[in-house]
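Scope of the values below: all heavy atoms of this structure, side chains included, with no hydrogens, waters or symmetry mates.
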Amino acid sequence: MDSKREKDPDSDYTKVSAVLLKSRTGEFDLESILFLKLRCLGINDLGCIGECMSLERLDLSGNNITNLGPLSSLRLLIVLNVSANRISSIEPLSGCESLQSVNVAGNLICSIESLHCLQPLRKLENIRLKDNTYNYSNPVCKNTSYRNILLEMFPNIKVLDGERVVGRGSDLYQLCKDIDETIKAGLYKNGQLPEPTDCKPWVDDGFWEIKRSNNAIIEEAYKQFNDVLHECRLLNNRATHIISQTERSLSLKKQPKQYVV
């Protein structure tokens, strides 16, 4: 696991308290909190977070959490992000019966067996154990059969590690993989790929930037948009490189053969 935790310099919280929750959300009643974002605060104890019984979206990424016990009471939780922590067991999540999306990339989950607790969650559609964008992973991901085993364990999931496996878009993912493997098989004959050529951006710097807001819902949408945008930029750079190498390979094949007399 190679995860980076950038702690908020203006905050120093190690335990989730009612005061912290109220100050972050502006709610006086913990049961009224629907969205909660506690990223990069140095938290290692979830404290009273289990009292937020109406919580639907929770972001605890980039902390020092090891125990998810208090989350077991969050029956209405739909989206959970606990990436970049120190979690080795996700057993308490078996109580989150409404969970649809869970991100545990960048933790210490070592075995396939430790994921069995998620099987009873019938609404679960999105599981993330590794994130190449941020170089997050788990020891279990080193298992060569990891992906196939997970797809057998969770036949109803639609997205695994950020890749759509069923439904709209899944065929495109597979097609891109097949093309990528075919191209690499032809270009790696000399041991390595040539360096990609420089590409000029087609929009000005800051074109996609949007203003931040204090609204928790907008903040969550802003984060998700930027994550997708970052992945699109990486895919664009990769596609440009592959197209360039393919064109070069094809041009070499079209050159007439020369014979020395």
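- Side-chain contact between I127 and M153 is absent, with no heavy atoms from C-beta onward closer than 4.5 Å.
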One pair to check against side chain to side chain contact (heavy atoms under 4.5 Å, CB included): I43 and I65. What are the steps and the verdict? CA-CA 6 Å; I43 295 171; I65 300 166; 4.3 Å; yes

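- Not one N or O on the side chain of T133 forms a donor-acceptor pair closer than 3.5 Å with the backbone of E231.
- Taken from CG in N237 to CD1 in I242, the straight-line distance is 11.0 Å, to the nearest 0.5 Å.
- For the side-chain contact (heavy atoms from CB on, under 4.5 Å) with I157, the qualifying choice from L118, L151, L150 is L151, the only one to do so.
- Under the 4.5 Å side-chain heavy-atom criterion for grouping Ile, Leu, Val, Met, Phe, Trp and Tyr, L129 is connected to V165 within one hydrophobic cluster.
- No side-chain donor-acceptor contact under 3.5 Å links N85 to the backbone of N107.
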Mind running side chain to side chain contact (heavy atoms under 4.5 Å, CB included) on T66 and N44 for me, showing each step along the way? CA-CA 7 Å; T66 58; N44 57 32; over 6 Å; no

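- Going from atom CZ of F225 over to atom SG of C232 covers 8.5 Å, rounded to the nearest 0.5 Å.
- There is no path of hydrophobic side-chain contacts, each under 4.5 Å, that joins L60 to V79.
- Of the possible donor and acceptor atoms, none in the side chain of S145 sits under 3.5 Å from a partner among the backbone N and O of N148.
- Under a hydrophobic clustering in which Ile, Leu, Val, Met, Phe, Trp and Tyr are joined whenever their side-chain heavy atoms come within less than 4.5 Å, directly or via other members, Y134 and V228 fall into different clusters.
- Counting only heavy atoms from C-beta outward, the side chains of L71 and L58 approach each other to under 4.5 Å.
- Side-chain contact between L74 and E56 is absent, with no heavy atoms from C-beta onward closer than 4.5 Å.
- R57 CZ to L55 CG: the interatomic distance, rounded to the nearest 0.5 Å, is 10.5 Å.
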Check the pair C48, L21 against side chain to side chain contact (heavy atoms under 4.5 Å, CB included), reporting the backbone distance first and the verdict last. CA-CA 9 Å; C48 63; L21 296 175; 3.9 Å; yes

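- I243 is not listed as a side-chain neighbour of T246, based on a closest heavy-atom distance of 4.5 Å or more.
- Residues Y146 and D161 bring a donor and an acceptor atom of their side chains to less than 3.5 Å of each other.
- Looking at heavy atoms from C-beta onward, K158 lies in side-chain contact with R164 at the 4.5 angstrom threshold.
- Side-chain contact check for I87 versus V104: every heavy-atom pair is 4.5 Å or farther apart.
- Placement of I112 and L121 within a single hydrophobic cluster is found when ILVMFWY residues are connected by side-chain heavy-atom separations under 4.5 Å, directly or transitively.
- Atoms OG and CG, from S61 and N63 in turn, are 7.0 Å apart once rounded to the nearest 0.5 Å.
- L124 and L76 are assigned to two separate hydrophobic clusters, defined by single-linkage of ILVMFWY side chains at heavy-atom distances under 4.5 Å.
- In this structure, L36 and I49 have side chains that are in contact, with non-hydrogen atoms separated by less than 4.5 Å.
- Between Q119 and F154 there is a side-chain heavy-atom pair separated by less than 4.5 Å.
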Please list every donor-acceptor pair under 3.5 Å in which a side-chain atom of residues 91-100 meets a protein atom from a residue at least two apart or in another chain.
from : atom 1 : to  : atom 2 : distance (Å)
S94  : OG     : E91 : O      : 2.9
S98  : OG     : R75 : O      : 2.7

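- R24 contributes atom CZ, which lies 12.0 Å from atom CD1 of I33 (distance to the nearest 0.5 angstrom).
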